[in-house]
Amino acid sequence: MALSFPFSAIVGQQEMMLAIQIVAVDFSVGGVLVLGDRGTGKSTAVRALADLLPPIKVVKDCPYGCDPSRAGSQCPQCLTTGTGKLATSTRPVPMVDLPLGATEDRVVGALDLEKALSQGIKEFAPGLLAQANRGFLYIDEVNLLDDHIVDLLIDVAASGENLVEREGLSIRHPARFVLVGSGNPEEGELRPQLLDRFGLSVEVKTPQDLAQRVQVVRRRDAFERNPQAFRDEWEPANHKLRQRIVKARKLIANIEVCDDVMMLIARLCQQLGTDGLRAELTLIRAARAYAALQAEVQVDVSHVRMVAPLALRHRLRRNPLDDTGSGARVQRAVEEVLTA
Amino acid sequence: MNGAEPSDLDPRWLDAQFALIALQMDPAGFCGVWMRAGHGPVRDAWLEQLHATGCRVCKIPAQVDDDRLLGGIDLARTLRTGSVVYQAGLLSSADGGVILLSMAERLTAQLASHLYQTQDQGVVLPRHGGEPAASRYGLVALDESDEDEPGLCAALADRLGIWLDLRDITLAQSAQRVALLQPQEMAEAKLRLQAMSHEPQHLQALCEVSLVLGVDSLRACSAALRLACLHAAVHGRDALEDEDLAAAVRLVFGPRATRLPQQESPVEPSPEAKSASEPDDESAFPPPPQPPEETDGSDAFAGDAEQAPKDVLLAAALASLPQKLLDSLLVGQTGSPQAKVSGSKGQTMRGLQRGRPLAPRPGRPGAGSRLHLLATLRAAAPKQRLRKRWGSGRIAIRAEDFQLHRFEQHRPSCLIFALDASGSAAQQRLAEAKGAVELLLEQSYSRRDSVCVIAFRGTQAQLLLPPTRSLVRAKRELAGLPGGGGTPLASGIQTAFRQAEMLHRNGSTPMLVLLSDGRANVALSGVGGRAQAQADAQVWAQRWCSKRFASLWIDTSKQPDPRAKELAARMGALYVPMPYVDARRMASVVESLRHQQSSA
């Protein structure tokens, strides 16, 4: 596998980096949607995300990468192999690319042709959704994804389970993944339903600051000249970040969100008129993850202030023609509610 | 490079020649070349030399299937042998070489995404699982699109380092060839390239130029740096010089420029700039851009020593621009900030697909339906054991296994709005019309159609917004639309007609909504005169009718005008007088037209 650009060497783009770290701390926040200009390091940052995550324990040889400690969420294969102790192995967190033109077969899985042809056995060949279980599913140019694949993803992302009923197969397997998408909004809009499946969203812009641009190009050049040496050079920084995330993951269970902050969050969402309660939940989880990253024991207003634009920006019920930046609207509402 | 006397070469042809050497040296380093050129002897000359470079060139047709591209099941051999045979993909076998992509402007979004994802990661993931194969290749995208077509998809174009435009190169110019590198030379140059160092000020200068020219993508900066190093290495230098930077700027930033420098004086190619850039030729060298009136240039800092390298580079970049692009950039400065450098390809690419695939169904192929090979195999697979009893060792497929392709046809539609923004359609009406158009845009948004906006006023029509699904953009363009001037109706219909034809070619259904009072007073040539204007409008109305594209004429005049009605009839348009443009009513009329269209 080719080496990826080290995460800690990415210059600027604080908001995007923060969103990615929050998701790395707490998967339940939901995915990240990165919208912005081309050539701003969107895909570089997302692909580098794997750097931040400690490897996971899986049931050995399980195509779905089942978690041996969680009995309830196992795939048909692990359930049938018996109740005894399962052999385990560790592997990196899956980071699966979903190409734009992927066929339905490839995404959900299909009849295993090899087995069918050579042995005449009807067996299921898992698709990308199975590979992405317990990891990340990355869609570049997500706003150009074909409608029928979007439909599929919306359903699976909500239920955490992939149900295959085709070619005489009837399979149900866990597909709990974090959606990560990137795209350029000038090329097309995203379906609101899909938008809703992303926990956080960030907008990235090309840095117009000369020094920053110079630094980006210099690091990129150094990486391309000698990827391995460059990665080695940044490994200490990556390691530190990884430690911080591991620590935050441990902390998060004990972090409290007091009633005042909870009220504040509810009022904020009310003011912005977000649909449903997903906004509140995501905001609470994101604020908690951010507090954990800061090694604090309690969520306070400053944490909410920091993550509110990320969690709410894409949930505003907006007139599709209103182009005032939704980030600015969230910011304004935050100021109003917090100072009140 | 010890080729012909450089003074009789067009600088752009010289650059194209350097691109060949760059491909020869390091095909994957700067991702590749976007070549805009028609099919003809000039492009052939370039391609001939590309083959002469000794690079492994692998041609990929636009209709390649994913199994062949990425590696997957070899169906023919699988059927013959009766066991699954995999084949290596074209992308993985192109490792270290160059992929030649013909008809790149017709590339499907799918193929494009495979290409750039593979290139980004440097590995090919085979279709049916299996080990990823490392592959790094250069890409040469041959784009034959016309001026008004969107061309190569923007996501791919952004990654390709060098953008070449050979459309204006003459045959005589293309006869000049530079010598390609001999193996010995190349080995030496490669060694130099590896050791090549660049100073911070070089990098700084490149980034500065990219900012000044409005080249946002940072990929371009990286590509420029690599090309500068490569240029220095090929020319036998061990460190970067201004000349190398200038070459990189010409190849990478020049064609990508979306704005001209704010201060005018650095734009004037100073003497040292000329010596640093390619030698100029009176006829082929594009003249320096004329300073726009609004800047006087007196307070600019041309003499500033710190600015010098940047100025030299800027001059190089501007010298490489064709006059047409310069003009459009100058216009872009005063008008919309959205220069049409990169068209949005997403929508039109979607139009190319044959529809949403449905589950295949059993049947006999022929009579327009195609055999779905994979599904047929799947249907036959479970029965193999049973059939083996009678048959040989081969895979046994019976007619009952045949499965056919089925698609749910969905032709995306595109609403073309042609707005009369002339003086006769007074300001008030224009505002009403804008409101109505916005409402329709919202509806198109909910049904995921694309929209395209044309405005006509003054001497001619202008394409405000190429077909897009981005409503934010659509609204921005509409808001900035001024009113006043004559009514070049013929030009408006003509522009709409060209757009409609293009959309139709790309598989969309065009639908025109024309808002005008029909009082044409500017002829197609741009001169005033009612009679000629009306005649021209009728000619184009007739042409519209001949194509049977759907259209709707909303007459916005206070008293419905017989001339408008007549023109509408000639166009075969639904004619709706609407003295006060009522957004809701207009929306419902468009809706009914849409129904007619879809039931027809």
Side-chain angles (χ1 to χ4, degrees), chain A residues 1-2 4 37-41 43-44 47 97 99-106 110-111 113-122 125 131 140-141 143-144 146-148 166-168 184-189 191 205-208 210 213-214 216-218 220-221 224-225 319-323, chain B residues 29 66 73 78 82-84 108-111 113-114 117 120-123 125 127-129 132 134 154-155 158 200 203-204 206-208 210-211 216-222 225-226 344 346-347 356-357 359 374 377-378 381-385 395 438 441-442 445 469-473 475-476:
Chain A
M1 200 72 186
S4 67
D37 305 332
R38 272 186 213 90
T40 43
S43 27
T44 308
R47 296 214 166 94
D97 261 281
L100 273 193
T103 57
E104 229 170 281
D105 285 8
R106 186 82 190 98
L111 187 72
L113 257 188
E114 178 155 23
K115 287 229 171 81
L117 281 176
S118 54
Q119 300 158 37
I121 299 175
K122 195 163 80 177
Q131 267 179 44
D140 197 9
E141 311 269 358
N143 45 351
L144 300 183
D146 272 339
D147 278 348
H148 63 280
R166 50 189 296 174
E167 293 157 352
N184 183 340
E186 292 256 310
E187 290 185 343
E189 310 273 337
R191 284 255 287 282
K205 291 219 153 46
T206 321
Q208 297 292 328
L210 183 61
R213 286 177 79 100
V214 170
V216 172
V217 179
R218 180 179 302 134
R220 188 79 220 176
D221 182 57
E224 267 160 25
R225 273 163 184 263
N319 173 355
L321 289 168
D322 183 6
D323 53 359
Chain B
D66 286 357
I73 290 179
T78 300
S83 60
V84 178
T108 59
Q110 171 175 355
L111 181 50
S113 69
H114 284 317
Q117 282 179 3
D120 278 0
Q121 295 181 283
V123 288
L125 297 164
R127 283 255 292 165
H128 298 276
D158 182 49
L203 196 51
Q204 177 115 4
L206 280 178
C207 290
E208 232 170 303
S210 76
L211 274 179
D216 281 338
S217 172
L218 287 165
R219 286 199 186 96
C221 297
S222 290
L225 182 65
R226 290 187 75 91
S344 85
Q347 287 69 41
R356 177 179 172 147
L374 220 54
L377 276 181
R378 284 202 185 104
K383 298 171 192 156
Q384 292 306 303
R385 284 198 144 182
I395 182 164
E438 284 184 9
L441 282 173
E442 264 180 79
Y445 167 78
R469 269 187 185 170
S470 168
L471 290 176
V472 178
R473 231 180 117 187
K475 185 179 175 192
R476 193 169 58 211

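In what follows, chains carry the letters A, B, and so on, assigned in the order in which the sequence lines appear, proteins first and then strands, with residues in each chain numbered from 1.
Residue B:Leu225 touches chain A through its side chain alone, counting heavy-atom pairs closer than 4.5 Å. Within the 4.5 angstrom heavy-atom criterion, only side-chain atoms of B:Asp158, from C-beta onward, approach chain A. For B:Ala155, the parts lying near chain A are the backbone and the side chain together; criterion is any non-hydrogen pair under 4.5 Å.
Summarising the geometry, atom CZ belonging to A:Arg213 is positioned 11.0 Å from atom CG belonging to B:Leu203; distances are rounded to the nearest 0.5 Å. Of the inter-residue distances, the one linking A:Arg218 atom CZ with B:Gln204 atom CD reads 8.5 Å to the nearest 0.5 angstrom. The distance from the CZ atom of A:Arg220 to the SG atom of B:Cys221 is 12.5 Å, given to the nearest 0.5 Å. The distance from atom CG of B:Asp120 to atom OG1 of A:Thr44, rounded to the nearest 0.5 Å, is 7.5 Å. To the nearest 0.5 Å, atom CD of residue A:Glu141 and atom CD of residue B:Gln117 are 8.5 Å apart.
Results of the side chain to side chain contact (heavy atoms under 4.5 Å, CB included) test with B:Asp216 over A:Gln208, A:Arg38, A:Lys205 single out A:Gln208 as the only residue that passes.
The closest side-chain heavy-atom distance from B:Cys207 to A:Val216 is not below 4.5 Å.
The two residues A:Glu224 and B:Arg226 make their nearest non-hydrogen contact at OE1-NH1, 3.2 Å.
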